[in-house]
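Letters A, B, ... mirror the listed sequences (proteins, then strands); counts begin at 1. Computed from heavy atoms alone, side chains included, the values below leave out hydrogens, waters and symmetry copies.
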2 protein chains.
Amino acid sequence: MNVTGHTRRPASIRDVATAAGVSYQTVSRVINGHPSVRPSTRERVLAAIEELGFRRNATALALASGRTRTVTVLTANTTHYGYASILQGIEESARAASYAVGIGVLESAEDAAVAAEVQRAADAGGGIVVIAYDPAGVRALGAVPAGLPVVGVVETPASPPGGESPWVWTDDREAAYQATRHLLSLGHETVHYVAIPSSTRRTSARTSGWRQALKEAGAPEPRPVQSSWGPAGGHAAALELARDPSVTAVLCGNDDLALGVLRALHEAGRPVPGEVSVAGFDDAPHSAFLTPSLTTVRLDFTGLGRAAFALLHGALEESAPVAPHPVSVPELVVRESSGPPPGER
Amino acid sequence: MNVTGHTRRPASIRDVATAAGVSYQTVSRVINGHPSVRPSTRERVLAAIEELGFRRNATALALASGRTRTVTVLTANTTHYGYASILQGIEESARAASYAVGIGVLESAEDAAVAAEVQRAADAGGGIVVIAYDPAGVRALGAVPAGLPVVGVVETPASPPGGESPWVWTDDREAAYQATRHLLSLGHETVHYVAIPSSTRRTSARTSGWRQALKEAGAPEPRPVQSSWGPAGGHAAALELARDPSVTAVLCGNDDLALGVLRALHEAGRPVPGEVSVAGFDDAPHSAFLTPSLTTVRLDFTGLGRAAFALLHGALEESAPVAPHPVSVPELVVRESSGPPPGER
DNA sequence: CGCATGAATGTGACCGGTCACACAAGGCGC
DNA sequence: GCGCCTTGTGTGACCGGTCACATTCATGCG
């Protein structure tokens with residue numbers, strides 16, 4: 001016990017060496033489990049380590065070995081359920097591999113700000129995971145200098161121009177396909193789509209899954225409504241849909257959007273699922289408790305985070321296994337917000 | 001441009017020194033803005049820095065200077081809105097002060113696991129912020145070795161036995177008081193309380209604010225219902241409250257809980273706010289879009305995070321200002337879920 | 001004019017580990 | 001008894017910065 005109270009400098013391997021009567025190199029060998037250390041010597045060193053409360057200095061280790069054992073997560077937001085879950089998944093795996101997790105928030109999608117954040121992440125050494133579901137994230141992923149170990153959590157695994165990068169993703173196309181088919185199978189003539197902002201100029205996977213289901217069923221394809229990420233966006237988008245009596249089924253880009261849509265329909269006096277059916281994506285924790293509870297497609301964000309780390313870990317260390325992503329497939333969860341259209345009850 | 005493609009070792013100050021024809025120390029002086037460097041020399045060094053793309057190695061800086069410029073946030077969860085917002089607030093301030101943000105999730109409240117996480121945070125150097133709203137967090141805060149710079153984000157600023165620590169907090173007592181008074185002023189005889197788990201054995205600030213409002217109004221004080229953090233807990237807790245016709249107003253420990261309560265009341269056929277009024281805490285993003293929209297007390301989590309960092313920053317650096325926490329006071333947000341009791345409409 | 005002073009710059013040690021290599025002692029084959 | 005390999009251990013340099021101190025040179029002042 002340090003009774004004096006003032007923090008004394010922590011013990012280094014040389015302190016331990018002196019205490020054990022060996023050289024610092026021997027201490028290093030003991031720490032790293034090197035085989036050729038005489039058992040009696042090892043014993044003495046371990047005793048000294050114990051007595052002095054020695055802990056290996058992570059900074060010095062990083063400097064000397066060149067490996068930081070750190071993963072920095074770049075994300076536009078930490079409060080969205082999906083983003084936060086991915087982060088939690090990464091942290092979980094990282095902790096198991098005794099990696100530290102750093103986080104950088106991409107406040108704006110402005111090039112300079114994004115570049116600065118990426119630089120900070122690069123400075124930290126180790127690997128980078130970019131959550132690239134939104135413009136800021138996509139820009140960040142593109143701004144990572146070549147040669148740095150990086151994994152993108154992306155909407156769609158498309159090759160960005162001029163470079164191979166590893167990505168992880170969920171099968172959003174399949175998810176949208178399932179949800180749309182579900183709504184069509186209830187008897188709806190078609191399904192309207194309120195979209196989250198697309199991260200790229202290309203058609204999003206969700207949009208194309210929705211489109212495919214419509215096409216297969218021979219249903220007319222309404223123009224998708226572009227919206228934002230949160231409930232307010234869904235609410236705004238649904239105000240006009242609610243006025244159109246031919247709208248009987250709405251698929252929403254995520255559960256937050258769906259919440260706003262539900263609200264707008266309620267305000268417009270259109271009962272759900274009596275007149276209009278609504279479905280979302282993600283299966284956020286609150287979705288099951290809404291009134292009406294929300295039909296949605298569950299996505300395995302935590303698994304996605306774990307997969308991202310696994311991939312990065314494989315790139316960072318030879319020995320680490322590069323597992324194929326064990327991300328669960330999207331699962332349709334049918335609840336109260338979807339039902340047959342008014343005519344077919 | 002590095003056309004060869006293979007990553008070459010980044011330039012060090014000695015590389016820059018060689019390129020500029022000065023000593024490494026002069027480069028160091030330029031980097032750190034030391035006054036006594038001849039302008040022409042400075043110019044040459046800056047040119048070399050630019051040309052070689054030199055960036056100061058954060059690891060070496062940390063090792064040599066002893067300062068890590070890192071803050072590690074320990075939290076039980078990253079997906080809860082409040083926790084995630086605090087994290088975002090910390091990150092925002094940290095970024096402005098060019099500190100890196102690390103994150104450690106307290107998976108369980110088990111002593112060994114918590115101690116391990118705290119150790120990891122301590123190993124990272126720099127400061128620690130512990131979100132101590134729950135048992136895991138409280139335990140972590142207690143497990144931080146004395147002498148380490150730490151700030152706790154706590155429910156109530158109580159002195160833990162045997163030590164002074166800095167904390168930040170919101171005025172939960174006031175928040176609960178306001179919400180309870182609001183409900184009483186609508187004419188309810190009393191207000192029932194569904195509580196989030198208390199982080200300590202002592203009465204939580206929310207509970208005592210609620211109690212005080214009841215007492216001042218001469219209202220009977222029902223036994224608080226202990227619940228969990230999520231909607232499922234609120235749902236379970238409200239099942240019995242819903243059966244009791246004398247229950248006309250329910251205050252919930254947070255908005256998630258309130259969501260579960262709303263759902264349970266709906267299932268029990270008790271209209272809100274027709275028969276029962278419900279209020280929550282936090283003003284989570286979805287609360288305004290629920291049906292009925294939720295009366296709640298807005299808490300400034302982001303500000304709380306900023307305050308936590310400011311305090312830590314002050315402890316870590318002499319020069320940094322130790323601002324008094326500029327956390328906004330709780331603000332009652334009245335929405336649809338609260339109204340007069342059935343008799344008084 | 002000589003010397004103290006300060007500006008501008010360089011040298012060496014250090015932070016706490018790791019890596020490459022040297023070296024002594026002991027076992028074995030010949 | 002000699003060389004050789006293996007085992008156990010120590011020494012020196014290094015990672016990329018910072019810090020303390022030495023050195024050089026131009027200046028100001030008595």
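- The distance from atom CD of A:Glu43 to atom C1' of D:dG8 is 16 Å, rounded to the nearest whole Å.
- Checking the phosphate oxygens (OP1, OP2) of C:dC15, no side-chain nitrogen or oxygen of A:Ser12 falls inside 4.0 Å.
- In this structure, A:Arg55 reaches the sugar-phosphate backbone alone: every heavy-atom distance under 4.0 Å involves primed, P, OP1 or OP2 atoms, never a base.
- Across the protein-nucleic acid pair, B:Gln25 atom CD and D:dC21 atom C1' stand 11 Å apart, rounded to whole Å.
- Using a 4.0 Å heavy-atom criterion, one finds that B:Thr59 contacts no nucleic acid atom at all.
- Considering B:Thr156, B:Leu141, B:Val150, B:Val151 in turn, B:Leu141 is the only one that fulfils the side-chain contact (heavy atoms from CB on, under 4.5 Å) rule with B:Trp167.
- Put simply, CZ on A:Arg14 is 11 Å from C1' on D:dA13, counting in whole angstrom units.
- Taking side-chain N and O atoms only, B:Ser23 has a distance below 4.0 Å to OP1 or OP2 of C:dG10.
- Atoms CG (A:Leu52) and C1' (C:dG16) sit 15 Å apart, rounded to a whole Å.
- Using a 4.0 Å cut-off, some side-chain N or O of B:Ser28 falls inside it from OP1 or OP2 of D:dT18.
- Where A:Tyr24 and A:Arg42 meet DNA chain D, the nucleotide closest to each residue was compared, and A:Arg42 sits on the side nearer the 5' end.
- In this structure, B:Asn32 reaches the D:dT18 phosphate: one of its side-chain N or O atoms is under 4.0 Å from OP1 or OP2.
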Next on the checklist: Walk me through whether A:Asn32 and A:Arg56 qualify under side chain to side chain contact (heavy atoms under 4.5 Å, CB included).
Outcome noted: CA-CA 11 Å; A:Asn32 296 302; A:Arg56 196 225 241 99; 3.0 Å; yes
Checklist entry - Does the side chain to side chain contact (heavy atoms under 4.5 Å, CB included) test come out yes or no for B:Leu312 and B:Val129, once each step is laid out? => result CA-CA 8 Å; B:Leu312 198 58; B:Val129 174; 3.8 Å; yes
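- Atom pair B:Asn57:CG and C:dG16:P shows a separation of 17 Å (rounding to whole Å applied).
- Counting any heavy atom pair closer than 4.0 Å across all strands shown, A:Leu63 reaches a base atom.
- Two residues, B:Arg29 and A:Ile13, neighbour DNA chain C, and the one matched to the more 5' nucleotide by heavy-atom proximity is B:Arg29.
- For B:Arg95 and A:Glu107, the salt-bridge test passes: some basic side-chain N is under 4.0 Å from an acidic carboxylate O.
- B:Asp15 has its CG atom 14 Å from the C1' atom of D:dC14, to the nearest Å.
- Ring planes of B:Tyr83 and B:Tyr133: tilted class, angle from 30 to 60°.
- When the side-chain nitrogen and oxygen atoms of A:Ser65 are compared with OP1 and OP2 of D:dC15, none of them lie within a distance under 4.0 Å.
- In this structure, B:Arg38 places its CZ atom 13 Å from C1' of C:dG10, rounding to the nearest Å.
- Between B:Tyr81 and B:Phe301, the ring-plane angle classifies as perpendicular under the 30° and 60° cut-offs.
- Distances shorter than 4.0 Å separate some side-chain N or O of B:Thr26 from OP1 or OP2 on C:dG10.
- Out of C:dT9, D:dG17, D:dG8, the shortest distance to the side chain of B:Val37 is found at C:dT9.
- In this structure, NE2 of A:His34 is placed 10 Å from P of D:dT9, rounded to the nearest angstrom.
- Contact between the side-chain N/O atoms of A:Arg9 and the OP1/OP2 oxygens of C:dG16 is found at a separation under 4.0 Å.
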